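For this chain, numbers begin at 1 and follow the sequence in order. If you're wondering where the values come from, they're calculated on a predicted model, not measured in any experiment.
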Amino acid sequence: MENKKQLDKRLVAVIAVLVLVIVGLVGFLLLRQNTIGIEDGDTPKVGYAANATVMLDQNALQAAMDEAMANAKDGNVSLLYKNHAYSEDGTDFSCYIVNSAANKYDMFLTIYADAALTDQIFLSGLVPPGSGFESITLDRALEAGDHTVNVVVTQVDTDENGAQVIKNQVAHTMEFHVSQ
């Protein structure tokens with residue numbers, strides 16, 4: 001019985017620490033969001049979250065965590081890929097980029113040669129979950145050498161009116177190698 005009480009105390013302590021970490025991260029993100037675009041000399045303002053609630057017991061906390069996990073389940077972007085792609089001519093690359101079967105939505109890829117995302121070198125069509133590429137052909141050739149490219153993954157769904165809408169979007173880098 002005493003071990004169960006100690007276990008319950010540990011569980012409550014771990015949950016309390018997790019709540020504090022989450023609150024700290026949310027506060028940091030809110031402060032960071034509210035300081036974007038502030039000119040020198042302006043005073044940043046902290047905003048307050050609407051619909052914030054205080055968790056008074058373990059059951060309320062568990063219910064909130066369950067709801068958060070259910071919401072996050074719909075918003076995951078899972079991509080299977082190898083970080084390196086290879087080409088002999090700078091245009092045709094062997095690669096491995098797959099829309100994970102765990103995803104809920106079709107996706108498309110946009111690949112940029114620059115970090116500013118202005119120099120687009122590839123745009124795919126829609127890729128259903130579980131499908132992907134073992135090779136791609138760029139819109140223009142990259143020079144011989146190693147290139148860090150930016151890959152933007154965009155998940156798309158169809159709304160009730162039949163229009164395609166963006167559900168999620170993430171960006172990551174890959175290394176493209178063109179032999180000398």
Side-chain angles (χ1 to χ4, degrees), residues 18 21-39 44 47 49 64-180:
L18 285 173
V21 168
I22 290 170
V23 168
L25 285 173
V26 168
F28 172 76
L29 292 174
L30 285 174
L31 180 60
R32 184 167 183 255
Q33 178 183 358
N34 286 335
T35 60
I36 294 173
I38 292 177
E39 301 298 325
M65 291 298 288
D66 291 345
E67 182 181 356
M69 293 303 289
N71 291 340
K73 188 182 222 182
D74 189 42
N76 288 338
V77 178
S78 182
L79 181 68
L80 306 174
Y81 69 100
K82 292 183 180 176
N83 198 44
H84 297 271
Y86 300 92
S87 175
E88 292 182 7
D89 63 5
T91 303
D92 298 310
F93 282 82
S94 62
C95 61
Y96 182 78
I97 307 171
V98 175
N99 183 2
S100 172
N103 283 333
K104 197 172 181 179
Y105 305 106
D106 293 346
M107 69 172 198
F108 66 89
L109 301 172
T110 312
I111 301 177
Y112 297 92
D114 63 332
L117 307 180
T118 58
D119 186 9
Q120 179 180 312
I121 56 175
F122 179 78
L123 176 63
S124 77
L126 287 178
V127 180
S131 299
F133 303 96
E134 291 183 351
S135 65
I136 60 171
T137 300
L138 300 183
D139 296 337
R140 67 170 175 80
L142 295 177
E143 295 178 8
D146 299 325
H147 304 270
T148 300
V149 299
N150 291 275
V151 180
V152 177
V153 177
T154 305
Q155 287 184 327
V156 178
D157 193 19
T158 304
D159 68 11
E160 61 277 353
N161 299 322
Q164 291 182 327
V165 294
I166 294 175
K167 293 300 282 186
N168 298 300
Q169 193 171 53
V170 297
H172 65 91
T173 60
M174 286 182 68
E175 300 300 320
F176 277 32
H177 308 281
V178 180
S179 57
Q180 309 278 344

With sequence neighbours excluded, what pairs up with Ser179 under the side-chain hydrogen bond (donor to acceptor under 3.5 Å, both in side chains) test?
-> none
Drop me the distance from Ser135's OG to Ile97's CD1, to the nearest 0.5 angstrom.
-> 10.0 Å
Worked check of salt bridge (Lys or Arg N to Asp or Glu O under 4.0 Å) between Arg140 and Asp119 = CA-CA 10 Å; Arg140 67 170 175 80; Asp119 186 9; 2.3 Å; yes
Heavy-atom pair of closest approach, residues His147 and Val178 = CD2-CG2, 4.2 Å
Within the side chain of Asn99, is there an N or O that forms a donor-acceptor pair under 3.5 Å with the backbone of Tyr105?
-> yes
Could you tell me the separation between the NE2 atom of His177 and the CG atom of Asp146, rounded to the nearest 0.5 Å?
-> 5.0 Å
Please confirm whether Phe93 and Phe176 have ring centers closer than 6.0 angstrom.
-> yes
Side chain to side chain contact (heavy atoms under 4.5 Å, CB included) partner of Leu109, chosen from Val151, Thr154, Val152 = Val151
Nearest heavy atoms of Asn150 and Thr173, plus distance in Å = OD1-CG2, 3.4 Å
List the atom of Lys82, the atom of Met174, and the distance in Å for their closest heavy-atom pair.
-> O-CE, 3.1 Å
Between the side chain of Asp159 and the main-chain N/O of Asn161, is any donor-acceptor distance below 3.5 Å?
-> yes
Taking side chain to side chain contact (heavy atoms under 4.5 Å, CB included) as the test, write out the residues that go with Ala102, two or more places apart.
-> Ser100
Are Val98 and Phe133 close enough that some pair of their side-chain heavy atoms sits under 4.5 Å apart?
-> no
Taking the side chain as every heavy atom from C-beta outward, state whether Thr110 and Gln120 have any pair of such atoms under 4.5 Å apart.
-> yes
How far apart are the closest heavy atoms of Leu138 and Gly90, and which atoms are they?
-> CD1-O, 3.8 Å
Quick one: are Ile166 and Gln155 in side-chain contact, heavy atoms under 4.5 Å?
-> no
Side-chain donor/acceptor of Ser87 to backbone N/O of Asp92, under 3.5 Å = yes
Between the side chain of Asn103 and the main-chain N/O of Asp106, is any donor-acceptor distance below 3.5 Å?
-> no
So how far is it from Ser124 OG to Met107 CE, rounded to the nearest 0.5 Å?
-> 6.5 Å
Are Gln164 and Thr158 close enough, and set up right, to give a side chain to side chain donor-acceptor pair (under 3.5 Å), and what steps lead you there?
-> CA-CA 4 Å; Gln164 291 182 327; Thr158 304; 4.9 Å; no
Can you tell me how far CG of Asp157 sits from NZ of Lys104, rounded to the nearest 0.5 angstrom?
-> 8.0 Å
Quick one: CD1 on Ile121 to CG on Leu142, what's the gap to the nearest 0.5 Å?
-> 4.5 Å
What are the two closest non-hydrogen atoms of Phe108 and Leu126, and how far apart are they?
-> CD2-CD2, 4.1 Å
